[in-house]
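What follows is a short report on a single structure.
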Amino acid sequence: MISANCDIREFISELKNKDFFEMIYLLDKEATEAERQLYNPKSEMSEKQICGAEYASNLKNLIFYLRYGARPRGLKQEDLNLLQSVCEKNRIWESH
């Protein structure tokens with residue numbers, strides 16, 4: 001997993017210098033790994049850290065926001081602002 005502490009802000013900061021498709025891919029991969037920890041307690045990842053359902057949900061909300069441009073429920077404004085700043089630096093909104 002990218003965020004060892006299951007911190008959405010830490011994860012978003014790692015998206016710098018990534019293009020739109022790579023951001024979606026990394027968000028999806030992180031959300032999948034977080035959910036695997038939740039639903040498969042015997043996996044190796046679960047022994048390291050269990051992120052919780054909220055972390056996986058926040059990652060999915062970020063994917064939704066990137067794909068559709070609409071703010072999903074439950075996404076904190078400060079997390080949205082951080083993602084927008086990363087997208088502006090990466091010039092994502094200009095190409096999509």
Side-chain angles (χ1 to χ4, degrees):
M1 292 185 66
I2 290 176
S3 174
N5 301 316
C6 303
D7 181 1
I8 195 76
R9 289 177 198 90
E10 177 186 351
F11 182 83
I12 292 172
S13 67
E14 292 296 320
L15 296 177
K16 292 178 184 170
N17 302 318
K18 306 285 191 251
D19 66 23
F20 177 80
F21 298 105
E22 192 172 5
M23 289 174 77
I24 296 285
Y25 170 77
L26 291 171
L27 282 160
D28 183 58
K29 185 176 177 183
E30 185 86 352
T32 300
E33 289 180 23
E35 285 190 326
R36 282 184 182 151
Q37 288 181 351
L38 288 171
Y39 301 115
N40 187 3
K42 295 181 181 180
S43 74
E44 290 180 24
M45 288 185 291
S46 293
E47 295 173 12
K48 297 177 186 174
Q49 171 102 25
I50 294 182
C51 292
E54 183 178 357
Y55 181 66
S57 177
N58 286 339
L59 292 167
K60 290 179 187 179
N61 284 337
L62 290 174
I63 293 169
F64 179 87
Y65 179 72
L66 283 174
R67 285 185 175 156
Y68 305 111
R71 182 177 178 216
R73 293 183 193 174
L75 189 61
K76 294 178 184 175
Q77 186 63 42
E78 59 197 36
D79 296 338
L80 184 63
N81 292 342
L82 180 58
L83 181 65
Q84 286 175 336
S85 71
V86 169
C87 290
E88 288 171 5
K89 288 178 186 173
N90 295 354
R91 299 182 174 258
I92 286 187
W93 301 121
E94 293 176 5
S95 61
H96 289 85

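Note that the numbering runs from 1 along the sequence shown for the chain.
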Student check: side-chain heavy atoms of T32 and D28 closer than 4.5 Å: yes
Nearest non-hydrogen partners of E35 and A56, listed with the distance: CG-CB, 3.7 Å
pair L15-L83: side-chain heavy atoms closer than 4.5 Å: yes
Distance in Å, K16 NZ paired with S85 OG, rounded so as to fall on 0.5 Å steps: 7.0 Å
Joint cluster assignment, L80 & L27, ILVMFWY side-chain distance < 4.5 Å: yes
CD1-CD distance between I8 and E54, expressed to the nearest 0.5 angstrom: 9.5 Å
Gap separating the CD atom of E10 from the CG atom of L82, nearest 0.5 angstrom: 11.5 Å
Check: E30 side chain, S3 main-chain N or O, donor-acceptor pair, under 3.5 Å: yes
Atom pair CG/CD1 of L66 and I24 - distance to nearest 0.5 Å: 4.5 Å
Spacing of CG belonging to L62 relative to CG belonging to L26, to within rounding of 0.5 Å: 12.5 Å
Gap between atom CZ of R71 and atom CD of Q84 - 0.5 Å precision: 9.5 Å
For A70 against Y65, the heavy-atom pair lying closest together: O-CD1, 3.4 Å
Same apolar cluster: F64 and F21, side chain cutoff 4.5 Å: no
Within 6.0 angstrom of E22 CD, more than 12 heavy atoms from elsewhere: yes
4.5 Å side-chain heavy-atom contact, S57 and N61: yes
